Structure formats: structure tokens, C-alpha cells
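Remember, it's a predicted structure, so these values are computed and weren't measured experimentally. Every chain is numbered from 1 and lettered A, B, ... according to where its sequence line falls, protein lines coming before strand lines. Just the heavy atoms: all of them, side chains too, but no hydrogens, waters or symmetry mates, feed the values below.
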Amino acid sequence: MSTDGSSALPKGYDPVGVERRWYAHWEASGFFQPGAGRSGGSGAERSSYCIMIPPPNVTGTLHMGHAFQDTLMDALIRQRRMRGDDTLWQTGTDHAGIATQMVVERQLAGEGKTRHDLGRALFLERVWQWKAHSGGTIVQQLRRLGASCDWTREVFTMDARLSLAVQEVFVRLYEEGLIYRGTRLVNWDPVLHTAVSDLEVVAEEEEGFLWHLRYPRPEGGVWVVVATTRPETMLGDTAVAVHPEDERYQHLIGREVLLPLVGRRIPVIADISVKPEFGSGCVKITPAHDFNDHEVGKRHRLPQINILTVDAALNEAVPVAYRGLDRYVARRRIVADLESQGLLAKVEPHRLMIPRGDRSKAVVEPFLTDQWFVRTAPLAVEAMQAVADGRIRFVPDAWQKTYFEWMENIQDWCISRQIWWGHRIPAWYGPDGRLFVDRDEAGARQQARRHYGRDVELTQDPDVLDTWFSSALWPFSTLGWPQQTPELAAFYPTDVLVTGFDIIFFWVARMIMMGLKFTGQVPFRTVYITGLVRDGEGNKMSKSKGNVLDPLDLIDGIDLETLVAKRTRDLMQPQLAQRIEAATRQEFPHGIPPFGTDALRFTMASLATQGRDIKFDLGRMEGYRNFCNKLWNAARFVLMNTEGRPCGQHWQGLPCPVVDRWILSRLQRVVTEVDGAFGKYRFDEAATTLYHFLWGDFCDWYLEWSKPTLYGHHGDPEEQTATRRVMLHVLEVALRLLHPLMPFITEELWQKVAPLAGAVGSGGSIMLAPWPQAVTELLDESAEARVAFVQEVVGAVRAMRSETGIPPGQKLTLLVAGEPALLETQIRRHEALILPMARLEAWQPVAGEAPVGCATAVLSQLRLYIPLQGVIDPEVEWARLTRELTRLDSDLERVRGKLANPAFLANAKAEVVQKERYKEQELQEKRQGIHDAMQRMALLRRVP
RNA sequence: GGGCGGGUAGCUCAGCCGGGAGAGCAUUGGCCUUACAAGCCGAGGGUCGCAGGUUCGAACCCUGUCCCGCCCACCA
């Protein structure tokens, strides 16, 4: 139909080329940078809008969680940019200390080396090389998602500028006494050889045993039996404890027992932490290797005997026979030795919580070491206040409770890590071990000179900071703090943080504490908490389960063999490969077809319901891929019918028939709903609203109605122009509304549609075009009601046709019975809309009884008949009517039941009662119609 | 042991400041209708986990209960 064949769109939407082309163009044009776009037409100050990306691990790759969260962030950013705000989506990557170091150490292990073979400097060089090599992957992948972050401001947590902020914060906290160094019992990872914080320990229930050990009394006689899950730690026992009111053991309190295998005399103490009903009611106390025992030990001033090495083997403090044994080897040996001495009373199976390092999965040990800590309690007070008084809002707000619960019980934060990759702690020691904390070595040297009166050799603390320490500063360190930069002034506090609930404690809480402490302001006003992306069965996606979906594979597609290879490569447990392969082949027999970025994004948005994890549904994604295609073809249709023709770019003087007023009115509602949905972070609402409007209202109805107008032999040129004008306008506005969720296809189409629609954005891109605003004058309830009625009529005819098996091609005449006035306003007036959509040749009014042998549909005040004689079996229509009658009867029964209830009439709101009355009348009329129809149909039936 | 979230159509999920149970996918019948078969037009399918309570009226509010999942916690 196009006059200019060259501009016609291809028949189907092909995302690949479109996406690459537009992203490159946007980025090169500087559209992602603050200040892009319209320069506030009114001259008024533009408000700023900022989102900080949760920085992905620099050496990582994009996973579904990123795809989900970054889609939402990008949608927010794009929407606000279109609204005219000065937007910044700050991007960057995280050095991820332990995770990254582990990767490089694993590479070294492949070469048969450890980091110690290289030494610190060479090892770090190696990590930087790895970062340079793989550090670009994830940011490139982020681009494929269409993320409109400002790449010119991309930072890395170990950039010099950000490192300065880290040192500054450390020094200030230290000087205020909020950072201290001390010997404490911490969680020790014996594989990684570093302390980790409480949050980095995950406890899981595992099968174990409860060993009952006999501790002899020096004076002989009865044993004292203690129950333990960790017999090997008995070598470090310095007491046995009972409950102070436990009558069984009153005589023992203050006496001593003999520690077997060691021969040490240790006291029996009374402590209320002992539960008399557990085990024997006696507990061994090992202050250096158990958190609870440690507290008991402090209360009773017990000695602390460290019996472990950094590898969790037994050290020099234990009897020679056990020295150097791994903890579990030692356990077996000790249990055996006790048994042979008759000191093992019994062993019972016991389920217990085993603490493991979240990275290494090694069982962590409570271990006495020197570490650095942040005193968190004082910081937490302000941080809780900020949420309590609403300066920070959680969405959904239920998470606020989780936040408070943790903050109220917050523990000091162990921030030192005995690894090499990270921010080195800015602390130096003099020859006598005296500590000097300063921003750099020169500063420390100066302090030392003042202290010692001369230059001395200083050694820097070998530890680095917990990665989350620098993450906590992210909202302001990225904007130039401690410098008072214009960016800091413009964009801090930021607007919304989009992140998962799994890092509320790790990250969100700490950003709030640090932000308030160092800027006096909250780091963000809203925390939008997303659920986790899971697989279709609701399982967490993980490499070892073999159920990981790579967002890029959904975008680009992947063939089965490549997918299988990818899922079974580099498994920690290679024996799983077979099962993973089989499951993969079953789930994706043909691999994964390419869906394109927009389909992925739209799926993510539509699944983003609040307060629950999302199970990723490939079927739904397919539906939204189809939606992309639908949109593409709708635009294709519009372009075919508008290019090179009068499109009435000025509204003036054009007729505005009811369908035009209807679709324009619907459009205004959609604008309002989508805008509201963005405001509420209800991306699912925004997505479904647009989906139904475009596919349903626009394609199924408006475009279909446009055909008779545009193609009609005696079409009115004015009306045709008006139709072109309206279809262009509606499409153009809808594209803009859709753009934050589907950036690529909307840009591609908008480029062609906008000029015809008379809409021109500055910069020539939809991403800088204005965000639509509802025009309330275009709301038209009367047009909406009239069209709704027409749709009802069309639907009724279509259903009759389909259910009675009338061939679609058969020309029909519709008979309509009803008040003449109604026939005029409801049918005659809309016949141009009804006839083509219902595929009718004509309609005729009928008075009184309809002819015998018609299919019948009853609307509230009209009866529709289609003559059936000779066309179908009356039995079919009879069955259909019976079904309808049954349905109406049950509805009527319910409504009449209500209206017969005096209590309902007395108590329900008047409008509700009125509505029920109206409903009863309507149902009654319909029922009568069906009833009449059945009577006449009965005449035709071949009754047996 | 405490806390939180969820249990609605075969599947994935909306609806939940109370007043006629919805969408997509799947199923099914009919259509090559000149934008789209990744499409068009129809249809079937749910005692809203269970039991009580409040109410004229409950998927929605309250209580209890059963499942599923998550978080926190030192029961050796």
C-alpha cells in the first residue's frame, strides 16, 4: 500500500541490527549524560534525578538479577530523562576483594602456584592484569541491555579518587574512636586465611553427632559428663559449666575436674547460659573457640587457650600426639583415645548448624586474632532515625521491619581482611608496635617523627578492608567526595536505590550509616527492594544446579549444543554434568530462540510485582516477543497508510468521529495509568496497561475500524485524513510511553512515525522526547460508553457465528429487535462500525416476535437475531441457549437473594442496592429473551 | 526459638483500604479477512490452602491451622 516501497518496514521485527545501531548512536551522542535533552522550556530550574548502580563485580558477567534490576533502573532513568529532569545514572564496577582474589588464586593453582610464590606486589599486578582482561565484559553486557548509564563517569572502587575517599573515611572514623583495633574472637576462614564478618557466614543445618565425654574428678569417684558437638576443642577447655540452680551439680560448683588427654585441672563454674535440660546439663567451656564460651569465659575470667593454626590444624598448645593434625583428623583421634580410656559415655546423632564461609564454603572457626572493627552502634542510631522519620522509604515497606530488626541488634563490624586485593588499611606500625593512622605514609611518618623524635622505619598494616567498606561510600565517593564537587551538590542525595533484599545488611544499611555520617544527608530517598530471579520451578539459579539462564542468551538466542556445553563447563562437581545435560536437553530441545532485548526487558518489568521473588517464565517472554512483533506490524500498517498521504498535522477543521474520540480518550487514561505506575514502582502495571491498550484497543479495534474508512470506495477524504492523523498520534504517544521499557523498538519506529505525526524531539531521538502528559479535555466518557456498546454487539454477533458454526465467509443480515429510538441511536448510528467488524452484510429492524429459527443474543435492551434456517443444526443452538439460560438463572438467583434480604436493603449503601436492582432488571430482560428464543427454537427441533 | 513473604484457572502471576473471580501462556473450535499464522475470531477451565469469626455481604478484614520459601538467633 505504500507509495514509496523503499521505506516499507520488513514484515517481522528483527531486533539484532536495531539494537546495536541505536545504542551506539545514543552513547556517541552523549544522550546518557546529565544535561542531555531538553533544556527546561520554561527556563525554570530542572530538577535532578540520580540512581547509583549497584556496582557489579568487575570481573563478573551479567546474570538474570542484573538484567532484572538494571532494566528497572534504566526504565526509571529513561522516564525521568523524558520528563525533562537532569538525570544521572552513575555506573561503575566493584573490586570485590575476596571473590576476585579467589579467581586469580585459582588460576595460579592451575599453574601449581600460590599467591605467596609470587609475593604481594607481583600477585597484585596479576590481579590488575586479570581486571584489565575481563573487566570490560560486564560493562559491555550492560550496554546490550540498553542501560543508559553515563559511561563517561564510569568508576572503579579502587580508582585513586575513590581510594582517597576510603582513606578519608577510615582516618576520620579512627580519630573519632569509631574504628578500633583489637584482639577479638572472629569468624576465621581456614581456607582463605582471613577473618570474615558475621554476614559472610552462612549457617546451615547438617547431620552431626553429640558426643558425651567423661571428665574425671581429681579426687576420683563419679565422672562429670559433658556433651559436645566438637570433641576436638576439648584440648582448649578451661572450665566446665553447669546451671547455678541445677540441683544435680550443686556439689560440683567451685570444685575442679581433670581434663582428659591433657591432664589440666579446670574449674566447674556456674553460669546461667547453661541449659540444664540439654545433654547432661554440663557443658565444656572453650573460650578461644566458641562464641558462647568466649562470653562465659569473660564473665568468669577464664584463660583462653588458642589451640588452632590458621589452617584449623592443632597447634603447639596441645599435647604432642595431636600437634599438626587437621581439626577433623584430630576429632577422630581424640574420640578414639577417649573411648579407649573408657571416657566416651555415648554418641548420639544430632542435627546442628554448621557455619560456612559464603565464598569458600569452608567451615569457619571462631578464632582469636587482631582485627579492625567499626563501632556501629552510634552510627546505627541516626540510620534508624532516617528511616523512622521517612527521610528514607522502603518499597515495599515491609522491608523496613527487617532493616530495623537488624539495626537494633547490630554488632561491631569486622572490616579487616587478611587478603591482598583491596584497599590497604592506612595504618603503620613503629618499631615498638605503636600505631599511626593517617591518610598516607607521609602523614604517618610525620606523626611518627613527632612521637619518636626521629625518623623510624614504619611498616604498613598488611590487611585490606572489607569490600563493603568502600561500597558503603559509593553514593558519595562516586560523586567526588570528599571534594565538594558540582555533581555532589546536584545529585546527592540520590533518588532511588534498586537492589535485592539479600544485601540490605551488607550494603543498604551501611550506605545509610556512612552517608549520614559523612554528608549529613541520606544517601537515597527510596530503597526499592526487588525479589530474586529464580528459574521456572522456583529454584535459585546456580551453576551447580545447571539451571542458569544467561540474559544474553535470551537476547541473542543460543543453540542447544552450545547451551549444554556452557552449562556443564567448569563445574565444581563434574559428576553433575550428565544430569544437567539431560535436564537442559529436555527443557530446551531446540535451544533458545533470540528474543531481543526489548522482549527481555518487558518480561522483567511485567514480572516485577512487589514483595515476591520472580520465577522466570520463558512462555511469558515469548508472549512479549510476540508483542514486539505486534507493535512492529501495527506501525508498519500505520506507515503504509500514511506515508505520502495527507496526515492532517494540524488538528483544525478535521472531523472527529466517535472512534477517534474513543481512542484518544483511552489514550489519556493510559498515559495517566502508566505515569502513576512508574510513580509507584509498579512496572508490572505499566507493562500490562500498555500491552492491553496497544494490542487490544489500538490494534484489534481502532486499526480494524480504520480499514473501512481508509479503504472504503466512497470514503470521505476529510475523514481519512483525520483517521491517519489519529492513528499516527496515538501510536506516537504510545511509543513514547513504552520507551522506558522497550527502548530499541520504540526508537526505531518513532524515527519513522514521529515526523508524520508532527512530533519532533530535540536531539532527534525518542529518548529525549517529552514524556506524555494526559490531556484531560480529551477524556470522553460518552464516546467510551458508545464504543463499549458497539463492542458488545460485535462480540455477540461473532460469538453467535462462531458457536453455531456459521462459516466466516457467509454473508449475513442481522435482525435487531428493540425500541425504535434505541435502534436509531445504538445501531443505525453505529452501523459503519458494527457491520464490517461483525462481518455483516446488513441489518434490519424486526418488530415484535423474531422469525422462527434464529440464533439469538440478548443485550440489555436489544435482541439480536441471525437467521439460521438451513445453515445449522437447531440442536446446536438449543444447547447454546440452554447454557446461557443456566448461567443467567444462577446470576439471577444470587441477585434476587440479595434483594430479598431486608438486612441487605437496610445496611448496604444506596448505590450498591441500586446497582443490584439494575442488574436484576437487566438479567431478567436477558433471561426473557433467551427464554423466548428457546420457545421458538423448540418448534424447529426434531423432538424424539 | 523469633520474624517475614507466599498458597487464586493446567503453568506463571495480577486482583486484597469488603459489593458481579482476571491476564499471559497452555488447552480447544473455526479462519491463509490485502499490518502481523510471532496472526485473527470464538470457547472451555477456578467451593480464591483449610476451619472458624466479624459483616446484609469476605479472594480481600480478624483468629486458628496446614503446607512452601526466606531471614534472624550462642542451645553445647
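- Using a 4.0 Å heavy-atom cutoff across all strands shown, C699(A) reaches at least one base atom of the nucleic acid.
- Checked by atom type, the side-chain pair E348(A)/H212(A) shows a donor-acceptor distance below 3.5 Å.
- Taking a pair to require two hydrogen-bonding distances under 3.5 Å in either a Watson-Crick or a G-U wobble arrangement, G22(B) pairs with C13(B).
- Judged purely by distance below 3.5 Å, without hydrogens or angles, the side chains of T286(A) and D237(A) pair a donor atom with an acceptor atom.
- Look at G69(B): its Watson-Crick or wobble partner, with both distances under 3.5 angstrom, is C4(B).
- The listed nucleotides are A35(B), G44(B), C56(B); the one nearest the side chain of A903(A) is C56(B).
- T228(A) comes within 4.0 angstrom of the backbone, heavy atoms only, and of no base.
- Looking at E405(A) and T402(A), their side chains never bring a donor and an acceptor atom within 3.5 Å of each other.
- The C1' atoms of G3(B) and A59(B) are separated by 25 Å, rounded to the nearest whole Å.
- The distance between atom CG of L607(A) and atom C1' of A14(B), rounded to the nearest whole Å, is 11 Å.
- As the counterpart of A43(B), U27(B) is assigned, both hydrogen-bonding distances of the Watson-Crick or G-U wobble pattern falling under 3.5 Å.
- Listed nucleotides C40(B), G44(B), A76(B) differ in distance to A227(A); the shortest reach to its side chain belongs to A76(B).
- For the P atoms, the distance from U54(B) to G1(B) is 32 Å, rounded to whole Å.
- Note on R682(A): a side-chain N or O is less than 4.0 Å away from OP1 or OP2 of G15(B).
- Proximity note for E405(A) (side chain, C-beta onward) versus A76(B), G42(B), G3(B): the nearest is G3(B).
- Phosphate contact (OP1/OP2 of A35(B), side-chain N/O of Y711(A), threshold under 4.0 Å): present.
- Distance L892(A) CG to G20(B) C1': 12 Å, rounded to the nearest Å.
- The CD1 atom of I614(A) sits 15 Å away from the C1' atom of G5(B) (whole-angstrom rounding).
- Mapping R351(A) and D198(A) onto RNA chain B by nearest heavy atom places D198(A) at the nucleotide closer to the 5' end.
- Distances were taken from every side-chain heavy atom of L703(A) (C-beta onward) to each of G3(B), A76(B), A35(B); the shortest belongs to A35(B).
- Across all strands, Y691(A) comes closer than 4.0 Å only to sugar-phosphate atoms, never to a base (heavy-atom distances).
- Comparing the P positions of U65(B) and C4(B) gives a spacing of 15 Å, expressed to the nearest Å.
- When the nucleotides A35(B), U33(B), C72(B) are ranked by their closest atom to the side chain of F637(A), A35(B) comes out on top.
- Out of A14(B), A35(B), A76(B), the shortest distance to the side chain of H350(A) is found at A76(B).
- Proximity of W701(A) to the phosphate of C41(B): no side-chain N or O atom is located under 4.0 Å from OP1 or OP2.
- Note on N633(A): every side-chain N or O is 4.0 Å or more away from OP1 and OP2 of G39(B).
- Across G45(B) and A21(B), the matching P atoms stand 15 Å from one another, rounded to whole Å.
- Ring-centre distance between Y13(A) and W632(A): below the 6.0 Å cut-off.
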- Item | From CA spacing to verdict: side chain to side chain contact (heavy atoms under 4.5 Å, CB included), L185(A), K298(A) | CA-CA 12 Å; L185(A) 199 59; K298(A) 280 203 287 197; over 6 Å; no
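- Looking at heavy-atom distances under 4.0 Å, E704(A) makes contact with a base.
- Counting non-hydrogen atoms under 4.0 angstrom, W695(A) reaches the backbone sugars and phosphates but no base.
- Of the candidate nucleotides C40(B), G20(B), G69(B), G69(B) has the atom lying nearest to any side-chain atom of R534(A).
- Taking atom CE of M604(A) as the reference point, atom C1' of U12(B) lies 14 Å away to the nearest angstrom.
- Considering only side-chain N and O atoms, K630(A) lies nowhere under 4.0 angstrom from the phosphate OP1 or OP2 of C36(B).
- Checked against A35(B), U12(B), C56(B), the side chain of N901(A) finds its nearest nucleotide in C56(B).
- When heavy atoms are screened at a 4.0 angstrom cut-off, G596(A) is found touching no nucleic acid atom at all.
- On the C1' atoms, A51(B) is 34 Å away from A26(B), given to the nearest whole Å.
- The residue T229(A) sits close only to the backbone: its heavy atoms come under 4.0 Å of sugar-phosphate atoms, none of a base.
- Rounded to whole Å, the distance from CZ on R620(A) to C1' on G24(B) is 6 Å.
- Between N629(A) and the phosphate of A38(B), there is no side-chain N or O to OP1/OP2 separation shorter than 4.0 Å.
- H692(A) comes within 4.0 angstrom of the backbone, heavy atoms only, and of no base.
- Within the 4.0 angstrom heavy-atom criterion, no nucleotide atom of any strand lies near R230(A).
- Contact annotation: K401(A) side-chain N/O to G5(B) OP1/OP2 distance is not under 4.0 Å.
- Backbone-only engagement by D700(A) is indicated by non-hydrogen atom pairs under 4.0 Å involving sugar-phosphate atoms exclusively.
- In this structure, C50(B) and G64(B) make a Watson-Crick or G-U wobble pair, each of the two defining distances being under 3.5 angstrom.
- If you take atom C1' in C17(B) and the same atom in C61(B), they sit 10 Å apart, rounded to whole Å.
- When the P atom of C36(B) is taken as reference, atom CZ of F698(A) falls 16 Å away, rounded to whole Å.
- Heavy atoms of V274(A) sit under 4.0 angstrom from at least one base atom.
- Listed nucleotides C71(B), C13(B), C56(B) differ in distance to K615(A); the shortest reach to its side chain belongs to C13(B).
- As a whole-Å value, the separation of Q411(A) CD from C74(B) C1' is 11 Å.
- For K11(A) against C36(B), no side-chain N or O and base N or O form a donor-acceptor pair under 3.5 Å.
- Within the 4.0 angstrom heavy-atom criterion, base atoms lie near F278(A).
- Side-chain proximity of R887(A) to U33(B), G44(B), A76(B): nearest is G44(B).
- Using modelled atom types, one finds no donor on one side chain facing an acceptor on the other under 3.5 Å when comparing N539(A) with N547(A).
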- Verify side chain to side chain contact (heavy atoms under 4.5 Å, CB included) between Y711(A) and N641(A), making sure each step is shown before the conclusion. CA-CA 10 Å; Y711(A) 300 160; N641(A) 287 289; 3.4 Å; yes
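- Proximity of V224(A) to R214(A): side-chain heavy atoms (C-beta onward) are nowhere separated by under 4.5 Å.
- No donor-acceptor contact under 3.5 Å links the side chain of S802(A) to the base of G30(B).
- In this structure, F683(A) and Y528(A) have perpendicular ring planes: the angle between them is above 60°, well past the 30° mark.
- Between D613(A) atom CG and C70(B) atom C1' there is a gap of 8 Å when expressed in whole angstrom units.
- R636(A) comes within 4.0 angstrom of sugar-phosphate atoms only, judged by non-hydrogen atoms across all strands, and of no base.
- For T609(A), a side-chain nitrogen or oxygen approaches OP1 or OP2 of A14(B) to under 4.0 Å.
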